[in-house]
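Numbers restart at 1 for each chain; the letters A, B, ... are given by sequence-line order, proteins then strands. No experiment lies behind these values; they were computed from the predicted model shown.
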Amino acid sequence: MALSNAAPVVGKTENQEALWQNESVKAFGLFMLSLGLFLLFWEVGARSGWFIRGVPTATETLQEFWWWVTNPFFDNGPNDLGIGWNLLISLRRVAIGYIAASLVAVPLGILIGISPVAYKAFNPYVQLLKPISPLAWLPLGLYLLRDSEKTGIFIIFISSMWPTLINTTFGVANVDKDYLDVANTLGASRLRTILKVIIPAALPNIVSGLRISMGIAWLVIVAAEMLLGTGLGYFIWNEWNNLSIPNILVAIFIIGLVGLLLDSLFAALEKCVAFGRNS
Amino acid sequence: MRLAPVNTATFVEQQSSTAQLSIRNVTKVFPGKRGWFNKLTGKTRRDFVAIQDINLEIEPNTFVTIIGPSGCGKSTLLNMIAGLSSISSGEVLLNGAPITGPGSDRGMVFQNYALMPWMTVEENLRFAVETVDPKISAKRRDRILKEYLQLVGLAGAEKKHPHELSGGMRQRVGIARALAINPQILLMDEPFGALDALTRGFLQEEVERIWEQQRKTVIMITHSIEEALLLSDRIVMMTRGPAARIDEILDVPFPRPRNRETIQQHPAYPKLKAEMESHLFRETRAVEAARVGR
């Protein structure tokens, strides 16, 4: 009772403190201030020629941005495609490659993780293939598949597999021994232990692996598409050929925004499977 | 309902025919590392004898506590009874049949609760019940869940996840889960070790209350003298490791049902307590001395 009586008092003192003392308000204020200063510096710098020739002003870039987001879907051939279409093309490639990679990496990770022998046997492959730059696979993909679309998906597949595989393996191999002891003392079968104990226990690790993989897939697709035909990466490359710097900046901003959105989706999913655990 | 079988208590060496659980000459050796490969990598290690020649007969419906200095192999012994740890030599008989692995005739309560965080309270219990009896009818299962949740005083918290519960409530779930499979023997590995002093005292009395209702054979490991005196019929005192053995077995004559105040009035209480204290102090001092000397 004492606690519930005390609570409103505490709440009141917190309400009494001035709005500008609140941490979130302060942070937002600092964010807006720095953004404003940055845009001002950009605008004034571009107008008075502090940078090299051709750098667009901030207002010019924002106008371009507004035009692209209000006209996302038009199609005047591959070199004049609305940014919405390009975004959807990129997302589609990422989705196919990433889902295929996850469908391989998660079950494979579980299989490797539950067997210490398999863990030791397959770890060298993983460690060797993990640090390879995704773009190093590009020529090989083009040669093997002879198709730019399939090659793009192949690169996403091969580069977004490793974080999921490694995290799944780690999570499965390091399930709290107490949980396994519980299943053991109850006489649970191996299959039941895997389905009901090991996989749920490893789920936070699996999801954070999927999250890292998604980040990598989104990084890779832009780079890969510069060498392929369509998509956001190609959009940037095309605008570079047109020497349209504002459009490049717009595309960069949109890529960042979509990446942020995808990441927060997985952050929310991580919270869903955590159940008080912090991993 | 029979009272604590104080009179039937045997000396360790004698083999009892009425015993439910017989531990005979049990030794646990953790094998070291030998061989040329380990020699090359400098990882050789000698064998470690954790416990040696343990003999213990446990009668049905007895609450037995094992107490001893840390690292004396109490948990190892309990894990061997649970079937989680292999027996190096000797045997453990449950109703005359040797224990070869884990089984649902023994329920285990863990020090760190070991509740599945992704399951609700009810699902944790249901997992146990359905694992032991996959063909159980939904009606019977739900009745069991309800009964044991009520027994430990958790009715109303069925849909909560473990991280929403306090430590004391989590261990209630742990106890309910162990009891819900209706084991012959309940094994408790320092069940109150991770709780604060107040919750600990409260939960001890709860366990005493539950034990009065169920009267199952219990083997509990503890560090607390008061806890052992409050709950047990027999107290097994172990020496320090390595090669730990049973030093002495005390019979606790207090009538049941017990509570903290009434047992302290009992004439035998101070003597028992003093005896346990001197044993534990002696062993703990020796453990510390051995560590300093190393």
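Of the atoms belonging to A/Val273, not a single heavy atom falls under 4.5 Å from chain B. Looking at B/Gln111, neither its backbone nor its side chain comes within 4.5 Å of chain A, counting heavy atoms on both sides. Only the backbone of B/Leu115 comes within contact range of chain A, with heavy atoms under 4.5 Å apart. Looking at B/Phe127, the atoms closer than 4.5 Å to chain A (heavy atoms on both sides) sit in the backbone and in the side chain alike.
Of all the listed residues (A/Ala183, A/Pro200, A/Ser189), the one sharing the greatest number of non-hydrogen pairs under 4.5 Å with chain B is A/Pro200. Highest contact tally toward chain A, considering only B/Asn112, B/Asn79, B/Thr131, is held by B/Thr131 [criterion: heavy-atom pairs under 4.5 Å]. If you tally non-hydrogen atom pairs under 4.5 Å between each of B/Ala128, B/Pro183, B/Ala82 and chain A, the highest count goes to B/Ala128.
Contact check for A/Asp181 versus B/Phe110: side-chain heavy atoms found under the 4.5 Å cut-off. Inter-residue side-chain proximity for A/Tyr179 and B/Pro117 is flagged as met; some heavy-atom pair is nearer than 4.5 Å.
Crowding of B/Phe48 atom CZ: a count of heavy atoms from other residues, nucleotides or ligands under 6.0 Å exceeding 12. Shown here is A/Phe266, whose CZ atom has more than 12 heavy atoms of other residues, nucleotides or ligands within 6.0 Å. Heavy-atom neighbours of A/Lys196 NZ from other residues, nucleotides or ligands within 6.0 Å: at or below the threshold of 12.
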Inset, instruction - Kindly indicate, with the supporting measurements, whether the criterion side chain to side chain contact (heavy atoms under 4.5 Å, CB included) is fulfilled by A/Val182 and B/Arg177. - result: CA-CA 10 Å; A/Val182 170; B/Arg177 179 177 63 186; 3.5 Å; yes

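Ring pair B/His161/A/Phe275 is parallel by interplanar angle, where below 30° counts as parallel and above 60° as perpendicular.
Between the side chains of B/Arg106 and A/Thr185, no donor-acceptor pair of N or O atoms lies under 3.5 Å.
Distance CG/A/Leu186 to CD/B/Glu130: 11.5 Å, rounded to 0.5 Å.
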